[in-house]
Amino acid sequence: MNTIILGLDAFDPQIFENLSAQGKLPALTKFAERHSYARFAVSAPPQSEVSWTSIATGLDPAGHGMFDFVHRNPSNYSMFVSLLPTRQTRLGTEFARPHDSHTLFDEAIQQGYPAASLWWPATFPARLDSPVQQIPGLGTPDIYGRLGVGVGYYFGEAPQRAETKIPVKSLKKKASDSFTGNLAGPAQKKADSAQSASSAFSIIFQDDTHARLTLGKQTVDLALGQWSPILETQFKMGLLVSVHAITRVILTQGLPEPRIYLLPLQIHPLHPMWRYAVPRRFVKEAWRSSGGYLSLGWPQDTTALEENWISDAQFLALCEDIFETRQRVFMHHLTNYREGVLAIVFDTLDRVQHMLRRQRPDIIEAWYTKFDRVAGDVIQRLEQMPAKPQLLVVSDHGFAEFDHKVHINRWLEETGYLSTKPGAHGSLENVDWTQTQAYAVGLNSLYLNLKGREGQGSVPTAQIGDLLEKLQGDLLAWKTPEGKAIFNRVQRSSEIHSGPYAELAPDLILGFNRGFRASAETGLGKWKSASLEENHDHWRADHCIDSELVPGVIFSNQSFKGVSKPSYRDFPQIAIGMTPKANASPPRTNLNTEEQSDLEERLKGLGYL
């Protein structure tokens, strides 16, 4: 078994084909001409955590249990983060695996070959019982157990921003060129209360735009608009216990009223507080070969760009650093590759397209050419190997414009499918369930308020078919004042998904048209006063729409093994000859649900919500 998987998150076939026709992507164009290329059918919904899990397993969401960014508990309508579930054990609360399905990496191990995956989504926490070598990707939390937001510090006039996710703190002036601040760490219990551990830092300016920052035992020089190297710090949690963290800092405004921004405090790969990655020597090797790397599942700080803490150029500089670091790690392992499966997911293109696809097509083109060069380098190295491994280049979805936010629960309210209590609206917490037939949670999921399943269900089982048909018809008939349909398809889960987790699936999969996507509020079971809202955010492009509108790509130097129209269902077979295996065990029922405030806090760092 000799298979290399180059995962390019969000590599769009339309853009590839257009640039290829112009001669701008020579490596992948030549590869496609000499070997095999096709558009790649992806999961419904085409969300990254769902799609990459389907690619790794060959299963649809009902086969592996990942349906959306947010799942709901039907018994009480509460929610939890699908990427980062928790459960109660006799030792307390701990992170649970997002899914328990058999992956192509597991299959390689069973067949007696090594397997390694780098930054594959939905692989945190580490499986200590598995020989798969793994560094987790999307879903890896910060040191607070959240998906991660940074923190901004200022002196002078406070930044004026409404509804921000990023906490803003003040610097204390010690002298005209000297300031101090306090960095909050994880909470520690003291008596009957919980207080955050903290770490003090100081900034001393050499001139208006250059300063020296000291955090713990580390001192770094800062220049206006330039990212610092990775900083390591620790928080004392007790007499013999410390939590280690890493971050990077940028000076965004100099004297006389300085501002700095710190990336989310992230798990230190060499000193993790949770089961981060395995085995330990694999992590040490990645840290050494890269010179240190950011561990957060979403390290490209889209939130800081959205809230104007950093500029486009500073965001791109951070993205470039992350990309180059991961490239170094992958190339190191490729140099030492002998057999088995080696896979990586490069996810930076996804973040860049979310933030800049509409505004800066020149930047998007530059990133596609960057990945073409990476692919060319990999192809060249493989051609020099005696074994001539199979190379698969694959993406989990394409991309589309995002012009309108759709408040699904508001539409359900307007059309009589959902009812709120008198004088209250805007949240599922205020719904009159006795008068409600349907509700939405997540970005592509709609549920019936079903008797015997939902805690306060109102829809009899005998009415399921008729109600779903009516909902599908009404949703597909919904158009903008200009006559553009909001949805391309609205599909019943029961008709397109099957597997042991089917009972947990949403009843309808919402396949939005290009230009539309569920609002962040919808994802959290909330809504605004209008069902349609123009999108004026920096985040102006997305892929959480109908999967047939955003296919991925697949390239192979050893054909598609007789498959004419490859999809995620075929990928394990194409990669290593594996037949997908659905988990025969019943769905897990011991996962924790979360208070609304806790859920929102843990999801802040995920740009979609």
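For the single chain, residues carry numbers from 1 onward in sequence order.
No donor-acceptor distance shorter than 3.5 angstrom exists from the side chain of Thr233 to the backbone of Ala245, with no hydrogens or angles considered. A distance-only check finds no donor-acceptor pair linking the side chain of Glu49 to the backbone of Ala122 [under 3.5 Å]. At distances below 3.5 Å, at least one donor-acceptor pair connects side-chain atoms of Arg97 with backbone N or O atoms of His99. A donor-acceptor contact shorter than 3.5 Å is absent between the side chain of Thr325 and the backbone of Tyr293. With hydrogens and angles ignored, the 3.5 Å screen pairs no side-chain donor or acceptor of Thr3 with any backbone N or O of Val341. In this structure a side-chain-to-backbone donor-acceptor pair under 3.5 Å is missing from Gln300 to Ile322. Between the side chain of Asp9 and the backbone N or O of Asp350, no donor-acceptor pair lies under 3.5 Å. Looking only at distances, no side-chain donor or acceptor of Asp68 sits under 3.5 Å from a matching main-chain atom of His71. Not a single donor-acceptor pair under 3.5 Å links the side chain of Asn488 to the backbone N or O of Arg514. Listed for the Asp60 side chain is a donor-acceptor partner under 3.5 Å among the backbone atoms of Ser498.
Within the 4.5 Å cutoff, the side chain of Tyr337 has no heavy atoms near those of the Arg381 side chain. A heavy-atom distance below 4.5 Å is found between the side chains of Glu285 and Asn336. A 4.5 Å side-chain heavy-atom check between Ser54 and Val42 finds every atom pair outside the cut-off. In this structure the side chain of Ser51 never reaches within 4.5 angstrom of the side chain of Pro46, judged on heavy atoms. Within the 4.5 Å cutoff, side-chain heavy atoms of Glu107 are placed close to those of Lys581. Put simply, the side chain of Arg127 does not reach to within 4.5 Å of the side chain of Val278, judged on heavy atoms. Side-chain contact between Ile135 and Tyr276 is present, with at least one heavy-atom pair separated by less than 4.5 Å. Residues Pro74 and Arg72 meet the side-chain proximity criterion, which asks for heavy atoms closer than 4.5 Å.
Heavy atoms of other residues, nucleotides or ligands lying less than 6.0 angstrom from CD of Gln384 number more than 12. Counting heavy-atom neighbours within 6.0 Å of Lys561 NZ, excluding the residue itself, gives a total above 12. Other residues, nucleotides and ligands contribute only 12 or fewer heavy atoms inside 6.0 Å of the NZ atom of Lys284.
For the 3.5 Å distance criterion, the side chains of Thr103 and Asp106 qualify, holding a donor opposite an acceptor. Side chains of Tyr368 and Gln353: a donor-acceptor N/O pair is present below 3.5 angstrom, by distance only. In summary, the side chains of His244 and Glu232 do not present any donor paired with an acceptor at a separation below 3.5 Å, with no hydrogens or angles considered. Counted by atom type alone, His397 and Ser547 present zero donor-acceptor pairs between their side chains at under 3.5 Å.
For His354 and Phe399, the ring centers are positioned less than 6.0 Å apart. The aromatic ring centroids of Phe346 and Phe11 lie 6.0 Å or more from each other.
Nearest heavy-atom pair, Val283 versus Pro269, reported as atom, atom and distance to 0.1 Å: CG1-O, 3.5 Å. Of all the heavy atoms in Pro114 and Ala108, the pair that sits closest is O-CB, 4.4 Å. Between Ile230 and Gly292, the shortest heavy-atom distance links the atoms CD1-C, 3.6 Å. Shown here for His35 and Ser556, the closest heavy-atom pair between the two residues is CB-O, 3.0 Å. The two atoms that bring Ile4 and Pro389 nearest to each other are CG1-CB, 4.1 Å, heavy atoms only. Residues Ser48 and Leu138 come closest through the heavy atom pair CB-CD2, 4.0 Å.
Ion pairing of Glu495 with Arg489 is absent here, as no side-chain N (NZ or NE/NH1/NH2) approaches a carboxylate O to less than 4.0 Å. A salt bridge does not link Asp377 to Arg373: none of the charged nitrogens lies less than 4.0 Å from a carboxylate oxygen. Of the charged side-chain nitrogens involved, at least one lies within less than 4.0 Å of a carboxylate oxygen, so that Arg326 and Asp347 count as a salt-bridged pair.
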For side chain to side chain contact (heavy atoms under 4.5 Å, CB included), just list the numbers for Gln573 and Val563, CA-CA rounded to whole Å, side-chain angles, deciding distance to a tenth of an Å, and then say yes or no. CA-CA 10 Å; Gln573 178 67 35; Val563 178; 5.9 Å; no

For side chain to side chain contact (heavy atoms under 4.5 Å, CB included), just list the numbers for Met355 and Arg351, CA-CA rounded to whole Å, side-chain angles, deciding distance to a tenth of an Å, and then say yes or no. CA-CA 6 Å; Met355 306 308 286; Arg351 317 315 189 234; 5.7 Å; no

Passes side chain to side chain contact (heavy atoms under 4.5 Å, CB included), Ser289 versus Arg328? Steps please. CA-CA 7 Å; Ser289 63; Arg328 285 195 296 273; 5.9 Å; no

Let me see the working for Leu443 and Arg517 under side chain to side chain contact (heavy atoms under 4.5 Å, CB included), right down to the final yes or no. CA-CA 8 Å; Leu443 295 181; Arg517 200 209 74 182; 4.0 Å; yes

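Between His497 and Phe67, the two ring planes are tilted [angle within 30° to 60°]. Taking the six-membered ring where the residue is Trp, Phe282 and His333 present tilted rings, their angle falling between 30° and 60°. Using a 30° and 60° split on the angle between ring planes, Phe555 and Phe16 fall in the perpendicular class, above 60°.
With rounding to the nearest 0.5 angstrom, the CD atom of Glu17 is 12.0 Å from the CG atom of Leu28. Atom-to-atom distance recorded for Leu294:CG and Asp142:CG is 12.5 Å, nearest 0.5 angstrom. Distance check: Ile5 CD1 to Ile576 CD1 gives 8.0 Å after rounding to the nearest 0.5 Å. To the nearest 0.5 angstrom, Leu342 atom CG is 6.0 Å from Leu118 atom CG. Put simply, CZ on Phe315 and OG1 on Thr303 are 10.0 Å apart, with the number rounded to the nearest 0.5 Å. Atom CD in Glu94 sits 5.5 Å away from atom CZ in Arg275 (nearest 0.5 Å).
Each of Thr57, Asp396, Val394, Ile55 was checked for a side chain to side chain contact (heavy atoms under 4.5 Å, CB included) with Tyr568, and the lone residue meeting it is Ile55.
By the ring pair (Phe, Tyr, Trp, His ring centres under 6.0 Å) test, Phe235 pairs with no residue at all, sequence neighbours left out.
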